[in-house]
Amino acid sequence: MKLPYIKPYKTKMVENITTSTKTDREKWIKEAYYNMFNLRSDQVIIDLLTDSGTGAMSDNQWAEMMKGDESYAGSTSFLKLRQTIRDLLGFHSFLPTHQGRAAENILFSALLKEGDIVPGNSHFDTTKGHIEMRKANAVDCTIDEAFDTESTHPFKGNLDLNKLENVYKKYPKEKIPITIITITCNSSGGQPVSMQNIKDVSKLSKKYGITLFYDAARFAENAYFIKEREDNYKDKTIKEIVKEMFTYVDGCTMSSKKDAIVNMGGFVAFRDRPLYEKVANFDIIYEGFVTYGGMAGRDMAALAQGLDEATEYGYLQSRVKQIEYLGETSQSYGIPIQTPIGGHAIFVDAKRFYPHIPQSEFPAQLLAVELYKEAGVRGVEIGTLLADRNPITRENRYPKLELMRLAVPRRVYNNNQMKYVAVALKNVFDRRNEMKKGLKIIWEADIMRHFTVKLDKIN
Ligand code: F0G
């Protein structure tokens, strides 16, 4: 018999979970104004709010923490991280930042001005926030298949080359300071971008003289999908695939809280030294000196180690297979999810889950609330609340996809807990027709409303 894949690590220390009753949770979620971000972590049993900064570091990462060098300038931990980035990604220069959005902030501070255009594949919300804050425009060029949760296209993170070329033709080069490919594409469901698409986008961008960057938060998971799904890559190692992927772009922003398996950190990496110099000034103003940029020396040391571990096949296989297990178990109960199953999360299609609840009543948020009440599982809405209002007209934006994301932290939960989540989803699905109405907003902030919004049930 063929041996199954094996999780290539074991548990040395455990963190206890506080359990609760359905009655407790009904009270708590009401007190939290039906907003998942207002819940205390000890009111949650399985926390799938995000895979960001919630991973478990390895013994070797903790050992690196002890070796961290806290010198203000020229820390050896910085030098170690720089060497890892050079070896792994092939970028000679980089600037540390405290997290991914800080990397976006310093890069866009140097590059963007009012009226600029930033094409990409469903930019993440902080990326879009940083673009729109500067009165520039994020143009989504994702392939149409990404918006059909039943399509099984293997690379739903891909950019549509016609859409992209139309943008390149429509605006003068000076108006498009950068194009961003998000790998994997979080907003379309943790979906990968193929090496072929990366090559094509790179060629097109070179033809029009446009700078091309990755949002590399989940670059290792993207490389795993390339190995599994793209024929020419099945015999290559993840590190070889990663190295090739980064040859096609001019740089990247990184939230190290995802694929680098650390609790805090980020960076911007560059091929081009003049661009590095321009962005470095903003790192110094906003983050700190260029050899620490908002990170402790020990955190840079753990990050270097994390980048190496996260690009090993065994780890990535067990990671992605766990998401697949959660997704396939849920599908076996009839739960409609984005397919193929993504790299860091499953995305439940709320339009198909609650077809009788209109987007104006936030069906994906309702689903998150019901799942929490059922079993103490915390997911997050990636739908109308997150899409926010049009900054000019102040009208609600209704996205094509109305999803509830269950993001799985790295190396934290086991498949028994994934089964618990899938069964909880089933119970909520079985009583879906009892839900007659969704939710309404009673208070919201001017920007990024989903974090602080107050909601109530519609009677
Ligand atoms: N880019 C992507 C693709 C992301 O998913 C995130 C964060 C960021 C940038 C920003 O990085 O949080 O370190 O400032 N995503 C988290 C999530 C918050 O839950 O998906 P950050």
Side-chain angles (χ1 to χ4, degrees), residues 5 51 120-124 140-164 180-204 214-249 258-259 310-311 313 315-332 335-349 352 382 400-401 403 405-408:
Y5 78 93
D51 63 323
N121 53 339
S122 302
H123 312 66
F124 183 66
D140 188 0
C141 299
T142 315
I143 56 168
D144 290 336
E145 287 88 338
F147 304 102
D148 170 6
T149 58
E150 285 172 276
S151 150
T152 54
H153 190 293
F155 291 102
K156 277 177 157 178
N158 281 0
L159 283 90
D160 182 320
L161 296 170
N162 287 327
K163 289 186 194 172
L164 185 64
I180 295 169
I181 313 181
T182 302
I183 50 172
T184 57
C185 184
N186 188 2
S187 309
S188 74
Q191 299 291 320
V193 181
S194 71
M195 192 75 92
Q196 189 57 51
N197 191 248
I198 290 169
K199 281 189 213 175
D200 294 341
V201 170
S202 174
K203 206 169 146 197
L204 196 66
Y214 286 134
D215 173 340
R218 299 179 183 86
F219 75 98
E221 288 163 10
N222 200 90
Y224 173 83
F225 284 119
I226 288 176
K227 182 174 168 74
E228 295 298 305
R229 296 183 187 167
E230 227 169 331
D231 269 355
N232 333 344
Y233 292 93
K234 63 174 186 299
D235 297 324
K236 294 218 189 303
T237 66
I238 296 292
K239 285 188 167 64
E240 285 166 346
I241 295 173
V242 166
K243 195 72 175 265
E244 182 181 334
M245 274 163 60
F246 282 83
T247 61
Y248 301 116
V249 292
K258 282 85 171 174
D259 267 355
T311 46
Y313 182 75
Y315 153 72
L316 281 168
Q317 184 187 39
S318 69
R319 159 84 179 143
V320 176
K321 291 254 181 230
Q322 182 172 52
I323 317 289
E324 207 174 277
Y325 172 75
L326 171 62
E328 284 175 358
T329 312
S330 306
Q331 279 176 315
S332 75
I335 316 290
I337 61 171
Q338 169 74 299
T339 55
I341 294 157
H344 67 292
I346 67 162
F347 292 72
V348 182
D349 186 342
R352 283 158 62 208
I382 310 267
K400 287 182 205 154
L401 293 175
L403 305 168
R405 183 184 78 172
L406 298 173
V408 183

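Note that this is a predicted model, so its numbers are computed, not measured. We use all heavy atoms of the structure for the numbers below, so side chains are in, but hydrogens, waters and symmetry mates are not. Numbering starts at 1 and runs along the sequence shown.
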Measure the shortest side-chain to side-chain distance between I226 and P192 over non-hydrogen atoms and say whether it is less than 4.5 angstrom. no
For A345 and R405 the tightest heavy-atom approach is CB-CG, 3.6 Å
Are side-chain heavy atoms of V320 and E228 found at a separation under 4.5 Å? no
Inter-residue atom distance I143.CD1 - L164.CG, 0.5 Å rounding: 13.5 Å
Over all atoms of both residues, closest heavy-atom pair of P340 and P154: CG-CA, 4.3 Å
R319 vs I323 side-chain heavy atoms within contact, under 4.5 Å: yes
Any donor-acceptor pair under 3.5 Å from E221 side chain to T184 backbone: no
Taking every heavy atom of V193 against every heavy atom of N197, the minimum-distance pair comes out as CG1-OD1, 3.6 Å
Residue that, paired with Q338, satisfies side-chain contact (heavy atoms from CB on, under 4.5 Å) out of D349, I346, L401: L401
For T339, is there any backbone N or O sitting under 3.5 Å from a side-chain donor or acceptor partner on T149? no
Does the side chain of I181 come within less than 4.5 Å of M245's, by heavy atoms? no
Give, for atom CD1 of I382 and atom CG of N186, the distance between the pair rounded to the nearest 0.5 Å. 6.0 Å
Within the distance-only criterion (no hydrogens, no angle test), does the side chain of K227 pair as donor or acceptor with the backbone N or O of K234 below 3.5 angstrom? yes
Compare every heavy atom of K258 with every heavy atom of A217, then report the nearest pair and how far apart it is. O-CB, 3.3 Å
Between the CD1 atom in I341 and the CD atom in Q191, the distance rounded to the nearest 0.5 Å is 9.5 Å
Enclosure of K236 NZ (heavy-atom neighbours >12, cutoff 6.0 Å): no
Drop me the distance from Y315's OH to I238's CD1, to the nearest 0.5 angstrom. 11.0 Å
Under the criterion side-chain contact (heavy atoms from CB on, under 4.5 Å), I'd like the reasoning laid out for T142 against F147: C-alpha separation, chi angles, the key distance, then a yes or no. CA-CA 9 Å; T142 315; F147 304 102; 4.0 Å; yes
Hey, does K199 have a side-chain heavy atom less than 4.5 Å from the side chain of E244? yes
Pair K400 + D144, salt bridge at N-O below 4.0 Å: no
Spatial distance of atom CG (D215) from atom OG (S122) [nearest 0.5 Å]: 12.0 Å
Roughly how far, to the nearest 0.5 Å, is CG of D140 from CG of N121? 7.5 Å
What are the two closest heavy atoms between S151 and E145, and how far apart are they? OG-CB, 3.6 Å
Sole residue of F246, Y214, Y224 in side-chain contact (heavy atoms from CB on, under 4.5 Å) with F219: F246
Identify the two heavy atoms, one from D148 and one from K156, that lie closest to each other, and give their separation to 0.1 Å. O-NZ, 3.0 Å
